[in-house]
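All chains are named by letter (A, B, ...) in the order of the sequence lines, taking the proteins before the strands, and each is independently numbered beginning at 1.
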Amino acid sequence: GAGVSQSPSNKVTEKGKDVELRCDPISGHTALYWYRQSLGQGLEFLIYFQGNSAPDKSGLPSDRFSAERTGGSVSTLTIQRTQQEDSAVYLCASSQFWTAGQPQHFGDGTRLSIL
Amino acid sequence: EDKVVQSPLSLVVHEGDTVTLNCSYEVTNFRSLLWYKQEKKAPTFLFMLTSSGIEKKSGRLSSILDKKELFSILNITATQTGDSAIYLCAVDGSSNTGKLIFGQGTTLQVKP
């Protein structure tokens, strides 16, 4: 596609439920990143994919968070047993390679609200 | 710990003014510094800087990097109301992943 596509754009769910967020990167981009933007905070790195593998998961805040990528394209971020502190905008970005000189391009994000 | 600090956190100006946004950083393995503009949703890419002293320019926006003093500035001349946004500075301080460390952002409001 022309840009990074994320779905859903908004998600409201009850505490304790599982949620799945989807990211469709720019066609041909091998690197994919998930970030989280909480109210009043900067963007926080969660996980990086190169192809289908995730060499850097260091930003995932707890074992309730997991992500996968299939076919070197679409990625899903799953949050199990959601907590109120998980409320944030989850942004996905992609780039052609991880090397310097290739800027990351962002999707519109999924706004997640935990009641 | 790697960190990126932006200043000011917020700024209100009138159309036609010139603004300078600041970004300082401390990272172990500097690779590049990026500026993004965030209006309602997706941050949109403005500039990527890797070398000191070379100004990048796009219309009324320009940016420069000082790798000795560890900072960058983003200048906007003849501001317009459409420049109102959050401006994000990010640094790639990774060894081999490209993950970005973001500052808190500067919220710019341009009044007519």
Would you mind checking which part of [X] comes under 4.5 Å of any heavy atom in chain A, side chain (CB onward), backbone (N, CA, C, O), both or neither?
X        : result
B:Tyr36  : side chain
B:Leu100 : both
B:Gln6   : neither
B:Ile86  : neither

Kindly give the heavy-atom pair with the smallest separation between A:Tyr35 and A:Ala93, and that separation in Å.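 Taking every non-hydrogen atom into account, CE1-CB, 4.4 Å.
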Pairing donors with acceptors under 3.5 angstrom, does anything connect the side chains of B:Thr28 and B:Asp2?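 The answer is yes; a qualifying pair exists.
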For a quick check under 3.5 Å, do A:Ser58 and B:Lys99 share a side-chain donor-acceptor pair by atom type? yes
Keeping the roles fixed (side chain from A:Arg111, backbone from A:Ser9), state whether a donor-acceptor pair exists under 3.5 Å.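 No: the side chain of A:Arg111 does not pair with the backbone of A:Ser9.
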If you draw a 6.0 Å radius around NZ in B:Lys57, do more than 12 non-hydrogen atoms from other residues or ligands fall strictly inside? yes
Structural part of A:Leu43 lying under 4.5 Å from a heavy atom of chain B: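 Backbone plus side chain of A:Leu43, per the 4.5 Å heavy-atom cut-off to chain B.
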Using non-hydrogen atoms and a 4.5 Å limit, figure out which bit of A:Gln104 sits close to chain B: side chain, backbone, both or neither.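 When you check distances to chain B, atoms from both the backbone and side chain of A:Gln104 fall under 4.5 Å.
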